[in-house]
Protein chains: 2
Amino acid sequence: MKTKQNTLYVGSLAKGLQLLKAFDESHTDMSLSELAQRTGLNKSATQRLANTLHVEGMLDKDPVTRRFRPSHAWLQLAYAYYWSDPLVGQAMPKLIGLSQELGETVNLAEMSGDHIVYVSRLPCKRTHFAATIIGRRLPALSTAAGRAMLSTFPEDERNHAIETWPVQKFTPGTTIDRDEIRQTIEQAVTDGFSISSGQMLLNETSVASPIIGHEGRAHAAVQCSVSAHTWTREKVEREILPKLQDTANAISPSFQPYRGGTPGPLNGE
Amino acid sequence: MKTKQNTLYVGSLAKGLQLLKAFDESHTDMSLSELAQRTGLNKSATQRLANTLHVEGMLDKDPVTRRFRPSHAWLQLAYAYYWSDPLVGQAMPKLIGLSQELGETVNLAEMSGDHIVYVSRLPCKRTHFAATIIGRRLPALSTAAGRAMLSTFPEDERNHAIETWPVQKFTPGTTIDRDEIRQTIEQAVTDGFSISSGQMLLNETSVASPIIGHEGRAHAAVQCSVSAHTWTREKVEREILPKLQDTANAISPSFQPYRGGTPGPLNGE
DNA sequence: GACAGTTGTATCAAATAATGATACGCCGCA
DNA sequence: TGCGGCGTATCATTATTTGATACAACTGTC
């Protein structure tokens, strides 16, 4: 299979990455054969690549079951990522402050193509496991954070996104009607924030405020999840929203996506 | 350079991984040449490998500066890691509860060779950035968590570790004398926990309690960091330690490293 | 208790796909 | 204007990956 027969493309490396990407929430550890099956590579290639990854410390191998698992190195990559993302350094202390003030779960989400990814999570309440760990990727249109960010986009881009970006049904309450989604986003355009309920989890309400970046466009959002049992929409708007927006605004001005303003000494450390 | 001339070893993949590993706290984004220099690979190889990683979504490339940066995919790997580590699923809700009860920063650390790695962090106070992000790797001997875990090891292994594992000076107060370290670990053997101050950060006190696993051996620890300004050692032992140990114990019994106890339906998910 | 089926491991000859020297164009700087 | 550094592109050579194949170890069934 010549995926990309370009001389600037190293097939073996790409195949090795396939192995890494084959692991997810429902494939937490895999045997050689499973790995081969899932990647579509033949047994020999899988063997060689998996062995290489193992030797290089990227895959743990259970000595008795011979199954492969992600290694601690995967977390070190996340560690390196955090240092490389200027927004995280800016936002982290403020997010901590917010979560302490609110006593509720606070997240930092970033736009990644047509999805959002949770970059930082500060869980305050016991909740679904997936809601407590970083790196989760969700369709932007289906999340309050994604909608809040989209609301800062130019109108044509916004419309294009609403019409073409993927949506997915997570709960019986997830909105998959694009007209309804359009309404929530237009609402966010006027409000400057976005609220939704029961989109990802039943009985969960989510508020998000965009972090305005270069040229008024948001690449990220601060988001807060609360139980819909104890929080009415009004109570959220009254008690959470102001602090949430303050936090988002406090992060905004100092954040330059590429090389926006003054190239002075970085204070993000 | 024939690193490993084994037919089960794919050199190109290993070289590609070198590029990924080249990023860390002081190398957050790199040009092609820097990358080449840092990995020791020639320009051509670096170009091909970096390009491949870029096409595969593992490296972002700034369109104007042409510098490479870790991509969001690095966080997705962390996401997959979390699902694969049974301990995390077990511990997370309890850690959240603990951090809420204490109002102080709570961490989950795991042993990784002769280092520990912070797998989960629940920061409650504004602190140094490095103390708020996961994936950090520290010499086990230099941390309360590492010492707490080591205290559960058989005596000979413990001694071997104390004599041979690496130590590193982080602050003027960091203990690098192995005899002193031995004392703290032996203390932990009798106490069942470990406390230290000013090892990683000045004015920081750290308490850790091991999470006992298969055969009484700890692979992980719950750790709590507090300000040495406001917390005396006695106060820590009185107000934090009991809850910390309760949490560690609550995680322990249900955790089997490989296939320890009953092979019944797993409750880890 | 032997058998069939599956999985992990090891080998090897063939040729594909990675290699690295080289050359080109671009930009910043003196 | 010229120099040095950097990113990009090309190409012939050959080293490296390739995948079929064979072997070994294990599982569960009849």
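Throughout, protein chains are lettered first and strands after them, A, B, ... in sequence-line order, and every chain is numbered starting at 1. This structure is a prediction, so every number in the text was calculated from the model and none was measured.
- Within a 6.0 Å radius of CD in B/Glu163, more than 12 heavy atoms belonging to other residues, nucleotides or ligands are found.
- Dashed line: the shortest gap from a side-chain N or O of B/Arg48 to OP1 or OP2 of C/dT19 is under 4.0 Å.
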Just by protein heavy atoms under 4.0 Å, how would nucleotides 24-30 of chain C read 5' to 3' in B, S and -? -------
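- Here the C1' atom of nucleotide C/dA18 and the CG atom of B/Asn51 are 14 Å apart, to the nearest Å.
- Applying the side chain to side chain donor-acceptor pair (under 3.5 Å) criterion to A/Thr171, with sequence neighbours excluded, gives A/Thr174.
- A salt bridge is defined here as a Lys NZ or Arg NE, NH1 or NH2 lying under 4.0 Å from an Asp or Glu carboxylate O, and B/Arg38 with B/Asp24 meets this definition.
- Taking 4.0 angstrom as the limit, A/Arg66 places a side-chain polar atom (N or O) nearer than this to OP1 or OP2 of C/dT9.
- Place A/Leu8 and A/Asn42 on DNA chain D by their nearest nucleotides, and A/Leu8 ends up nearer the 5' end.
- Regarding A/Gln47, its CD atom lies at a distance of 16 Å from the P atom of D/dA24, rounded to whole Å.
- In this structure, the helix from C/dG1-D/dC30 to C/dA30-D/dT1 shows an angle of 40° between the axis at its start and the axis at its end, each fitted on 5 base pairs and rounded to 10°.
- Cation-pi geometry between B/Arg217 and B/Phe153 is met: under 6.0 angstrom from the ring centre, within 45 degrees of the axis.
- Per the geometry, CG belonging to B/Leu13 stands 15 Å off P belonging to D/dT16, to the nearest Å.
- Residue-to-nucleotide proximity on DNA chain C shows that, of B/Ser44 and A/Arg67, the 5′-proximal contact is made by A/Arg67.
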Please determine whether side chain to side chain contact (heavy atoms under 4.5 Å, CB included) holds for the pair A/Tyr118 and A/Ile133, giving the CA-CA distance in whole Å, both sets of side-chain angles, and the decisive distance to 0.1 Å. CA-CA 8 Å; A/Tyr118 287 111; A/Ile133 54 180; over 6 Å; no
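- For the contact set between residues 28-37 of chain A and DNA chain C, defined by any heavy atom under 4.0 Å, the members are A/Ser31, A/Leu32, A/Ser33.
- Taking the ring-ring contact (aromatic ring centres under 6.0 Å, His included) definition, one finds that B/His72 meets it with A/Tyr81, sequence neighbours left out.
- Taking atom CG on A/Leu49 and atom P on D/dG19, their separation rounds to 10 Å, with Å as the unit.
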Would B/Ser31 and B/Glu34 count as a side-chain hydrogen bond (donor to acceptor under 3.5 Å, both in side chains) if you check the C-alpha gap in whole Å, the side-chain angles of each, and the deciding distance to 0.1 Å? CA-CA 5 Å; B/Ser31 69; B/Glu34 284 179 80; 3.3 Å; yes
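- Residue-environment remark: NE2 (B/His160) stays at or below the threshold of 12 foreign heavy atoms within 6.0 Å.
- Under the side-chain hydrogen bond (donor to acceptor under 3.5 Å, both in side chains) criterion, the residue pairs touching residues 128-143 of chain A are A/Ser112-A/Arg137, with sequence neighbours excluded.
- Checking the phosphate oxygens (OP1, OP2) of C/dA17, no side-chain nitrogen or oxygen of B/Ser12 falls inside 4.0 Å.
- Under the 6.0 Å cut-off for aromatic ring centres, A/Trp83 and B/Phe129 qualify, their centroids lying closer than that.
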Could you go through B/Phe68 and B/Asp60, starting from their C-alpha distance and side-chain angles, then the distance that decides it, and tell me whether this counts as side chain to side chain contact (heavy atoms under 4.5 Å, CB included)? CA-CA 6 Å; B/Phe68 294 97; B/Asp60 284 347; over 6 Å; no
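- Look at A/Lys15 and you won't find any side-chain N or O under 4.0 angstrom from OP1 or OP2 of C/dA17.
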